Amino acid sequence: MKIGYPCINWTIGCKGDRTFRLKSYSEERLIETVENNLNCLINMLNFNIKNNLLFFRITSDLVPFASHPICKFDWQNHFKNKIQEIGKLINKNNMRISMHPDQFIVLNSKTPDVVERSIAELYYHAEVLDLMKLDKTAKIQLHAGGAYGNKKESLERFADNYNKLDEKIKNRLVIENDDKIYSFKDCLFLHEKIKVPLLFDLFHHRVLNNKESVEDCLEKQRKTWEKEDGIPLLDYSSQKVGFRPGSHAESIDLKDFEKFLNDSKPYDFDIMLEIKDKESSALKAINIAEKDKRLVKISEQNG
DNA sequence: TCACGTCAAGCAGAT
DNA sequence: ATCTGCTTGACGTGA
């Protein structure tokens, strides 16, 4: 078990997700921004290593407009050395990495143009991880998409489009249950069709489910991951009290987290804390998890 | 230096 | 029809 937080770190004053307006696109601007983002990523990774946070989600904004037609720049080659350096840092410290393309990426859209642009964006994500020379355990997590009034048909459309994807993307894509449309059970249906690994989002499951126990989901999830995919990934969050169901908490509910750690034995997985205060909650979580025999520690790996 | 309108992209649900 | 949320504010013009 490794624990981490997504994309940005509020402590070190450098977030690595800088972007700019499409209107002000230029090659110089792109280079300058990516340079900044990669340096920040290194800083965040070093912070994480120091604090035993060995799971991290890399922002989709690392290379702004990478999949947009406006971008003709060969950023892959230009930043090859620096990206490889980052990959070495990750591999040396045996860190787990994920990425999460945002809401515009809809593989089962009824609009062919949306699907095409989504695939381009997925390709960009895969390229970042490939350039870092990370193995198949580094994953790109995506929701199943829209419902369009017919969930079954929409899942079948997802499966059809998935089957046409480049291996480069298929190697890394995993599907996550959401809190509005596709429950974990729906994702299992998808897994049966295309054998894609499933990422279990505990919080989404609490909002949208089919009355299955968490243990039941963890058992079924485990079977969707092959050995080379690594141990399963899990998103953890808790409800922001007084806000709409599904609203993410500002900081971690430690009692709930501790209870989940106890209840989830003997399953092993890496946990992404989707909590708004980021590393602050992650550090508290690590403190609690230190008592758990499942936790992988940096000293043990290097020793 | 700061206020504030707007930002590449999709979809669903609430208002 | 328009707004909000999603993993999250922050870019950039105008004064």
Side-chain angles (χ1 to χ4, degrees), chain A residues 4-10 13-26 29-30 32-33 36-37 40 44 55-71 97-125 139-151 154-155 157-158 161 174 176-183 186 199 201-204 207-208 233-240 243-252 271-282:
Chain A
Y5 60 96
C7 306
I8 60 176
N9 177 307
W10 296 107
C14 172
K15 304 210 273 67
D17 64 341
R18 225 167 78 189
T19 182
F20 49 87
R21 297 291 159 86
L22 179 59
K23 262 199 202 162
S24 47
Y25 182 92
S26 73
R29 188 68 190 269
L30 182 72
E32 179 194 318
T33 306
N36 167 81
N37 289 348
C40 287
M44 289 191 285
F55 183 22
F56 191 62
R57 182 184 298 166
I58 295 176
T59 176
S60 298
D61 285 332
L62 194 69
V63 184
F65 305 107
S67 73
H68 191 282
I70 201 171
C71 179
I97 296 295
S98 67
M99 294 183 87
H100 192 341
D102 57 12
Q103 62 269 32
F104 312 107
I105 311 320
V106 185
L107 208 46
N108 74 344
S109 175
K110 289 191 147 176
T111 313
D113 186 47
V114 171
V115 175
E116 199 173 306
R117 278 183 283 128
S118 295
I119 293 172
E121 181 75 355
L122 288 173
Y123 197 88
Y124 147 66
H125 281 73
K139 294 301 186 189
I140 301 167
Q141 64 188 87
L142 191 68
H143 295 293
Y148 310 91
N150 185 336
K151 281 167 65 174
S154 296
L155 285 176
R157 195 167 50 251
F158 186 103
N161 288 337
V174 301
E176 171 190 0
N177 57 303
D178 65 75
D179 61 348
K180 286 199 182 71
I181 307 167
Y182 294 109
S183 66
D186 295 323
L199 186 151
D201 188 311
L202 177 66
F203 183 44
H204 289 162
V207 178
L208 177 71
L233 298 181
L234 184 139
D235 280 359
Y236 174 88
S237 187
S238 44
Q239 177 65 37
K240 185 173 181 180
F243 284 73
R244 66 155 190 94
S247 189
H248 288 255
E250 292 292 329
S251 82
I252 188 167
I271 307 179
M272 179 59 60
L273 298 171
E274 292 189 328
I275 315 268
K276 299 211 176 186
D277 66 3
K278 307 287 177 182
E279 78 283 1
S280 170
S281 282

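Every chain is numbered from 1, with letters handed out A, B, ... down the list of sequences. On a predicted model such as this, the values are computed, not experimentally measured, just so you know.
Here, C:dG14 and B:dA8 have their P atoms 16 Å apart, quoted to the whole Å. Between C:dT8 and C:dG12, the distance separating the two P atoms is 22 Å to the nearest Å. On the P atoms, C:dT2 is 14 Å away from B:dT6, given to the nearest whole Å. Nucleotides C:dT4 and B:dC7 are separated by 15 Å at their P atoms, to the nearest Å. Spacing of P atoms, C:dC3 relative to C:dT7, comes out at 23 Å, to the nearest Å. With both ends at atom P, the span from C:dC11 to B:dG10 equals 22 Å, rounded to whole Å. Rounded to the nearest Å, the gap between the C1' atom of C:dT13 and that of B:dA9 is 23 Å.
Stacking between A:Phe104 and B:dA9 is shown: the ring centroid lies under 5.5 Å from the centre of the six-membered base ring, and the planes differ by under 30°.
Residues satisfying the side chain to side chain contact (heavy atoms under 4.5 Å, CB included) test with A:Lys278, not counting sequence neighbours, are A:Tyr5, A:Pro6, A:Ile8, A:Trp10. With sequence neighbours left out, A:His143 forms a ring pair (Phe, Tyr, Trp, His ring centres under 6.0 Å) with A:His100, A:His204. Not counting sequence neighbours, the partners of A:Asn36 by the side chain to side chain contact (heavy atoms under 4.5 Å, CB included) test are A:Arg18, A:Cys40.
When the P atom of C:dC6 is taken as reference, atom CG of A:Leu142 falls 17 Å away, rounded to whole Å. Rounded to whole Å, the distance from CG on A:Asp178 to C1' on B:dC11 is 11 Å. What separates OH of A:Tyr182 from P of B:dC11 is a distance of 11 Å, to the nearest Å. Here the C1' atom of nucleotide B:dA9 and the CD atom of A:Glu116 are 14 Å apart, to the nearest Å. Distance A:Asn177 CG to C:dC6 P: 16 Å, rounded to the nearest Å. Remark: P of B:dC11 and CD1 of A:Ile181 are 10 Å apart, rounded to the nearest angstrom. Summarising the geometry, the separation between CG on A:Asn108 and P on B:dG10 is reported as 14 Å, rounded to the nearest angstrom.
For the residue pair A:Ser24 and A:Arg21, no side-chain donor N or O sits within less than 3.5 Å of a side-chain acceptor on the partner. A:Ser281 and A:Asp277 share a side-chain donor-acceptor pair at under 3.5 Å. A side-chain N or O of A:Gln141 and one of A:Asp235 form a donor-acceptor pair less than 3.5 Å apart. With 3.5 Å as the limit, one finds a donor-acceptor pair spanning the side chains of A:Glu121 and A:Ser67.
The pair A:Lys180-A:Asp178 fails the salt-bridge criterion, with no side-chain N (NZ, NE, NH1 or NH2) lying under 4.0 Å from an Asp/Glu carboxylate O.
Within the structure, the side-chain hydrogen bond (donor to acceptor under 3.5 Å, both in side chains) test picks out the following pairs touching residues 109-119 of chain A (sequence neighbours left out): A:Asp113-A:Arg117.
Contacts of A:Phe65 with the nucleic acid, taken as non-hydrogen atoms under 4.0 Å apart, include base atoms. Among the atoms of the strands shown, none is found under 4.0 Å from any heavy atom of A:Ile70. Nucleic acid contact class of A:Ser109 (heavy atoms, under 4.0 Å, all strands): sugar-phosphate only.
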Q.
How would you summarise protein contacts on nucleotides 7-15 of chain C per nucleotide, using B for base, S for sugar-phosphate only and - for none, with heavy-atom distances below 4.0 Å?
A. BSSBBS---
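Cation-pi geometry between A:Arg29 and A:Phe65 is not satisfied (NZ or CZ under 6.0 Å from the ring centre, within 45° of the ring normal).
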Q. Dot-bracket for DNA chain B, 5' to 3', counting Watson-Crick or G-U wobble pairs under 3.5 Å, with [ ] for crossing pairs and | for inter-strand pairs?
A. |||||||..||||||
